[in-house]
Amino acid sequence: MTLQPVPATDPRPTLAVWKFASCDGCQLTLLDCEDELLGLTERVRIDHFLEMTPAEGADGGRARLEGRGPYDLSLVEGSITTAEDAERIRHVRRVSRYLVTIGACATAGGIQALRNFADVDDFLAAVYARPEYISTLATSTPISAHVPVDFELRGCPIDRGQLLEVVTAHLAGRKPRIPGHSVCFECKRRGTTCVTVAHGTPCLGPVTHAGCGALCPAYGRGCYGCFGPSDKPDLRSMVAQLRRDGMSERDIQRVFRTFNAASPEYAPVPELAAEERRDPPAEGS
Amino acid sequence: MTADADVNAARPPGPDGLVMGKDGLAALVDVLIRRGFTVVGPTARDGAIVLAELTSADELPYGWGVELEAGRYRLRERSDGAAFAHAAGPQSWKSFLHPSRVREWSADRVEGELVLTADRGTPPRYAFLGVRPCDLRAIAVQDRVLTGGAYRDPGYEGRRSGALLIVVECTEPGATCFCASMGTGPAAGPGHDLVMTEVADARGHRFWVRSGSREGAEILAELPTRPADAETRETARAGVTAAADRMGRSMPEADLRELMAGTLDAPRWDDVAGRCLTCGNCTMVCPTCFCTTTEDVTDLTGDHAERWRLWDSCFDLDFSNLHGGPVRASARSRYRQWMTHKLGTWYDQFGSSGCVGCGRCIVWCPVGIDITEEAAALHDWTRPERPDPEPS
Ligand code: SF4
Ligand code: SF4
Ligand code: SF4
Ligand code: SF4
């Protein structure tokens, strides 16, 4: 698909898709909207979307990293891990009327935020043959740590239906219908038998933001929290339950250290997991 | 139709009822399907006894029982081959009568005109096979809520009015059951079309069947049955009576409505709030919880919109969201809302308890919060002479 020059009189709102530190999975979700994609392009003018822009020339380096805008709706994927990106997100904000972060990286810092809990230089030395070629920040931070964000869409990757809902709601001028309750709601509405209660499988569903449609329990496995924390999650009770389901302190710490590791809601987990070790809950009290 | 059946048809359904074997159950499912019913009943799947559409009685969970505890559900094999020796499972009949997702209407812009279409399809005629007595009462409770007041839910009414209820009395209560103390079981109350009591012992696997409606009697007349012998009747009755004494849980002997109204400030609410995940599972599995939310969906063109109704829960922050934020922001206020509604304010609103004692909320709470234990703790708190705590 080639972006055609459009007449200045085009009445469609403009859409831009931006990438920061990320795997591209979330922006690909937009291209995955196969049946709706043509309808979408009738309603919005996709003005900036490198993922579907042909590189000009054999060196592949001509696609512009920055667009001039202004854009009515910007979808931002990825977290901020370099000084350049910290600057670039300010530019994106300046040229965007409504800015939506898409996915765990942009919303919570992503899996790359594991560096926040360690020394990034150690990682560089371990991973790269020539660490001196790498210029990176000590942390991976969500977009909201740098610029005001109008809406955050969660998930690793995001859910196609939720993405369409956010775009559609924006076009209709209404609030997107993205509930903040637990995955358990979706699990029960779907009629899935609870894997924790019926199989003893640890599941993060009770503290995880809905949105996936309770995908993992429907396939007999526990939720591992790829949508990040639900509204006001009770981590203390969750950690105690994970312990009862047989997880060790280390397992508990690690299960929260994935795509949304740097979510502030998860901050008490290491301490709670250690607390559990010090005084296990008295049975039946 | 057999010769036996002709005799039965001629006889008004009496309290003595009839007896049939496993072949009778098989015939029952076939007759129901032949009569155009969508038969829903228990079947073992995904490590639980779930409710699903049945195409034959072979799908019933013969030989499966359950082991229930707070936050824990396990299937257990049984040697007697019983089909209904299990207590309430992860779903209830509300999944069919008051489904989790219903489209209410859709709207289209056609040449500038708005065209509204209500979703009023003909619902299937359900035959619910294996309704437990507590669930029979739960259906009556939802009838009152959804069709008994000034605002009736026509969708529910449509699904409910055609539904045939075949109750199986309880002889194997779970450790989380307390229908006896709520007065809803283990014997069947009114409102069913057929009621059966299962007996599986050395004398054979059989069902004592009585009809509760004209349609139930007609169906019964088509099944291979024999007049009920005294021995089967007595064994069946004794099984149900014994079940009442084998309930694993009970509510405190108190006026629960008064207990709820008088303990709104009890410290126990903080205690339970410290354990509650506000995940909403208890409300979703409760056979009487009825709350829903609406979602309006538009498509990209802006020319098509749909209104959906979804199960909601008082544990959702959005549930009490008014201008300025949720009214019930704390876990304490949300758990208290749920429990005081079930056991207390339901009386004010609908004239009965909102809890039938099925125990689902206890089993399917991931952290095993137990409504009977919470009620007992509140009750202890109200007693002037508090008993000395047991030395532990
Ligand atoms: S399987 Fe997980 S998400 Fe589903 S109800 Fe159980 S705890 Fe909640
Ligand atoms: S169940 Fe949990 S881990 Fe699985 S897709 Fe959903 S949010 Fe992600
Ligand atoms: S409150 Fe609990 S025990 Fe009572 S009817 Fe609801 S799910 Fe069953
Ligand atoms: S009582 Fe249990 S099931 Fe209900 S919201 Fe609290 S943790 Fe979830």
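Naming: A, B, ... by sequence-line order, numbering from 1 per chain. On a predicted model such as this, the values are computed, not experimentally measured, just so you know.
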> Between A:Val183, A:Val44, A:Asp234, A:Val197, which shows the greatest number of heavy-atom pairs under 4.5 Å with chain B?
Replying inline: A:Val197
> With a 4.5 angstrom heavy-atom cut-off, which part of B:Leu277 approaches chain A: side chain, backbone, both or neither?
Replying inline: both
> Are any of the side-chain nitrogens in A:Glu165 or A:Arg174 under 4.0 Å away from the carboxylate oxygens of its partner?
Replying inline: yes
>> For B:Ala70, which atoms come within 4.5 Å of any heavy atom of chain A: side chain, backbone, both, or neither?
In response: neither
> Quick check: are there more than 12 heavy atoms from other residues, nucleotides or ligands sitting under 6.0 Å from CZ of A:Arg254?
Replying inline: no
>> For a side chain to side chain donor-acceptor pair (under 3.5 Å) check, start with the C-alpha distance between A:Gln241 and A:Arg244, then their side-chain angles and the critical distance, and finish with the verdict.
In response: CA-CA 5 Å; A:Gln241 182 56 33; A:Arg244 284 192 289 272; 2.8 Å; yes
>> Counting heavy-atom pairs closer than 4.5 Å to chain A, which one of B:Val50, B:Thr278, B:Val297, B:Asp271 comes out on top?
In response: B:Val297
> Looking only at heavy atoms, what is the nearest atom pair of B:Leu75 and B:Val66, with distance?
Replying inline: CD2-CG1, 3.8 Å
> For A:Arg189, is it the side chain, the backbone, both or neither that has a heavy atom under 4.5 Å from a heavy atom of chain B?
Replying inline: both
> Between the side chains of B:Lys342 and B:Thr288, does any donor sit under 3.5 Å from an acceptor?
Replying inline: yes
> Do you know which of B:Leu300, B:Val363, B:Asp296, B:Asp370 has the most heavy-atom pairs under 4.5 Å to chain A?
Replying inline: B:Leu300
> For A:Leu40, is it the side chain, the backbone, both or neither that has a heavy atom under 4.5 Å from a heavy atom of chain B?
Replying inline: both
>> I'd like to verify something: which residue of B:Arg72, B:Arg45, B:Arg74, B:Gln91 has the highest number of heavy-atom pairs under 4.5 Å with chain A?
In response: B:Arg74
>> Please identify which of these residues, A:Glu77, A:Glu152, A:Arg154, meets the side chain to side chain contact (heavy atoms under 4.5 Å, CB included) condition with A:Thr101.
In response: A:Glu152
>> Can you tell me which portion of A:Glu36 sits under 4.5 Å from chain B's heavy atoms? Options are side chain, backbone, both or neither.
In response: both
> Hey, are A:Ser74 and A:Trp18 close enough side-chain-wise for a donor-acceptor pair under 3.5 Å?
Replying inline: yes
> Heavy-atom distance under 4.5 Å to chain B: side chain of A:Ser182, backbone, both or neither?
Replying inline: side chain
> Between atom CD1 of A:Ile158 and atom OG1 of A:Thr29, what is the distance when rounded to the nearest 0.5 Å?
Replying inline: 4.5 Å
> Among B:Thr283, B:Leu51, B:Asp46, B:Thr298, which residue forms the greatest number of heavy-atom pairs with chain A at distances under 4.5 Å?
Replying inline: B:Thr298
>> Let's test your reading of the structure: which of A:His181, A:Arg177, A:Arg43 forms the most heavy-atom pairs below 4.5 Å with chain B?
In response: A:Arg177
> Does B:Asp316 reach the side chain of A:Asp231, with side-chain heavy atoms less than 4.5 Å apart?
Replying inline: no
>> Between B:Gly47, B:Ala48, B:Gly71, who has the most heavy-atom pairs with chain A when the cutoff is under 4.5 Å?
In response: B:Gly71
>> Which one wins on heavy-atom pair count under 4.5 Å against chain B: A:Ala169, A:Gly39, A:Cys194?
In response: A:Cys194
>> I'd like to know which of B:Pro90, B:Cys279, B:Ser100, B:Pro99 tops the heavy-atom pair count under 4.5 Å against chain A.
In response: B:Cys279
> Taking NZ, NE, NH1 and NH2 as the nitrogens, is one of them in B:Glu172 or B:Arg132 under 4.0 Å from a carboxylate oxygen of the other?
Replying inline: no
